[in-house]
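What follows is a single structure, written as structure tokens, with notes after it.
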Amino acid sequence: MVELTLADRPAIVTGASRGIGRAIAEKFAQAGGDVAICSRSLDGVEPVAEELTDEYEGRVVPIACDVTDRGEVRNLVDRAIDEFGDVRVLVNNAGGGVDADDLLHRSDPETWTDAVELNLTGQYNVTREVLPAMVAAGGGSMVHVGSVNGLHGIALAGYSAAKSGLLALSRNVATHYGQHGVRSNVLSAGTIETEARQAEMARKEDTDDTRQRWLDQYPVGRFGRPEEVADTALFLGSERAGFVTGTNVVVDGGLTCGLPTSFVNDVYDADEVPDREW
């Protein structure tokens with residue numbers, strides 16, 4: 001069996017200062033990988049790099065990079081190659097909600113443009129820059145962190161459209177460059193208990209039971225943890241996923257598989273404890 005390791009598979013993880021990106025960087029370093037991590041400011045990733053370098057064998061190099069700036073993206077990839085020799089894994093994680101008014105009837109062209117720029121064009125920029133280096137290295141794996149917003153009509157028009165576009169971008173990479181050894185997959189995450197998400201829910205809980213109604217959408221009865229997304233990213237980045245490409249791996253606690261738990265319980269008595277008498 002092929003060991004689940006990133007030794008000799010240098011990686012770039014964008015948006016790695018906190019939350020899902022930080023958890024992925026830690027998981028990669030723990031698996032013996034050398035990792036270049038970036039955020040818009042070095043202040044965000046330098047403490048992460050210091051902590052992970054002290055704790056794990058893999059080298060973790062902090063780099064400032066705004067993924068919407070093509071010049072900074074080129075510098076990111078050049079630095080990673082200078083440090084590690086090549087790039088074999090890319091995790092396109094940078095992104096996020098731009099504006100609470102990213103609902104179609106409330107949004108303006110600037111809100112739409114900002115959401116798409118951050119969540120799709122930025123990922124294109126990094127993918128386009130890494131691609132030649134990955135091909136030259138003999139292949140590798142791209143993991144694009146998407147969202148359930150790109151699968152269902154939930155909210156946030158620009159953000160959701162961008163995450164949906166990421167699916168098409170990834171499939172094109174898989175189709176066109178698989179012959180060069182490049183794999184490309186999307187990892188679509190549900191609600192994950194990051195610092196930013198907790199702060200958002202805390203603001204809403206002051207006035208209503210938003211958290212409980214939100215949890216009701218998840219059959220497993222809880223939100224996800226950053227390390228659960230990181231585990232999946234590690235698998236996709238490793239050689240254990242050598243025959244997995246062009247697909248979308250959904251890590252959402254069952255959110256997109258059915259109806260709200262309360263509805264299923266009320267209508268179908270699904271909360272009854274199963275027994276063996278049938």
Side-chain angles (χ1 to χ4, degrees), residues 15-24 26-27 91-107 111-112 114-116 118-120 123 143-167 185-233 236 248-274:
S17 61
R18 59 180 184 170
I20 291 172
R22 188 199 185 287
I24 292 172
E26 180 169 8
K27 191 69 64 173
V91 178
N92 254 330
N93 174 69
V98 176
D99 195 314
D101 282 335
D102 186 19
L103 295 175
L104 197 59
H105 68 283
R106 291 207 305 252
S107 68
T111 300
W112 172 274
D114 288 347
V116 173
L118 178 59
N119 292 286
L120 182 56
Q123 281 63 28
V143 182
H144 313 280
V145 179
S147 169
V148 292
N149 286 66
L151 308 177
H152 278 203
I154 298 175
L156 303 177
Y159 174 82
S160 299
K163 291 299 187 180
S164 184
L166 198 56
L167 295 166
N185 295 285
V186 174
L187 193 170
S188 289
T191 303
I192 307 300
E193 291 263 29
T194 62
E195 301 94 322
R197 183 67 73 189
Q198 289 171 345
E200 177 185 356
M201 287 187 287
R203 290 194 299 271
K204 296 179 182 299
E205 286 167 8
D206 291 340
T207 57
D208 57 34
D209 61 345
T210 298
R211 181 184 179 89
Q212 189 53 50
R213 290 189 291 118
W214 204 335
L215 280 169
D216 188 44
Q217 313 301 307
Y218 286 86
V220 299
R222 65 175 177 84
F223 300 133
R225 297 184 291 269
E227 58 267 27
E228 291 173 312
V229 181
D231 284 333
T232 307
L236 291 174
N248 177 40
V249 180
V250 183
V251 183
D252 73 345
L255 171 70
T256 57
C257 76
L259 297 165
T261 301
S262 61
F263 180 86
V264 175
N265 288 346
D266 291 344
V267 176
Y268 299 107
D269 298 324
D271 55 341
E272 289 185 349
V273 178

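Since we're looking at a predicted model, the values are computed, not measured.
- The two residues Lys163 and Ser147 make their nearest non-hydrogen contact at CG-CB, 3.9 Å.
- If you take OG on Ser160 and CG on Asn119, they are separated by 9.5 Å, rounding to the nearest 0.5 Å.
- For Lys27, the salt bridge (charged side-chain N to carboxylate O under 4.0 Å, His left out) partners are Asp231, not counting sequence neighbours.
- Distance check: Leu187 CG to His144 NE2 gives 11.0 Å after rounding to the nearest 0.5 Å.
- Shortest non-hydrogen contact noted between Ala189 and Val229 is CB-CG2, 4.3 Å.
- Scanning all heavy atoms of the two residues, the minimum distance from Val116 to Ala162 falls at CA-CB, 4.1 Å.
- Residues Pro219 and Leu255 come closest through the heavy atom pair CD-N, 4.0 Å.
- Within 6.0 Å of CD1 in Ile154 there are more than 12 heavy atoms belonging to other residues, nucleotides or ligands.
- Atom CG in Leu104 sits 11.5 Å away from atom CG in Leu156 (nearest 0.5 Å).
- Rounding to the nearest 0.5 angstrom, the gap separating the CG atom in Asn265 from the CG atom in Asp216 is 8.0 Å.
- Across every non-hydrogen atom of Gly19 and Pro226, the tightest pair is O-CB, 4.0 Å.
- Separating the CD atom in Glu227 from the CD1 atom in Ile20 is a distance of 10.5 Å, to the nearest 0.5 Å.
- Remark: of the listed residues Asn248, Asn149, Asp252, Asn248 is the sole one forming a side chain to side chain donor-acceptor pair (under 3.5 Å) with Ser188.
- Counting only heavy atoms from C-beta outward, the side chains of Thr232 and Glu228 never approach each other to under 4.5 Å.
- The line from CD of Gln217 to CZ of Phe263 is 12.0 Å long, rounded to the nearest 0.5 Å.
- At a threshold of 4.5 Å between non-hydrogen side-chain atoms, the residues Tyr218 and Thr261 do not count as touching.
- Shown here for Ala161 and Trp112, the closest heavy-atom pair between the two residues is CB-CH2, 3.7 Å.
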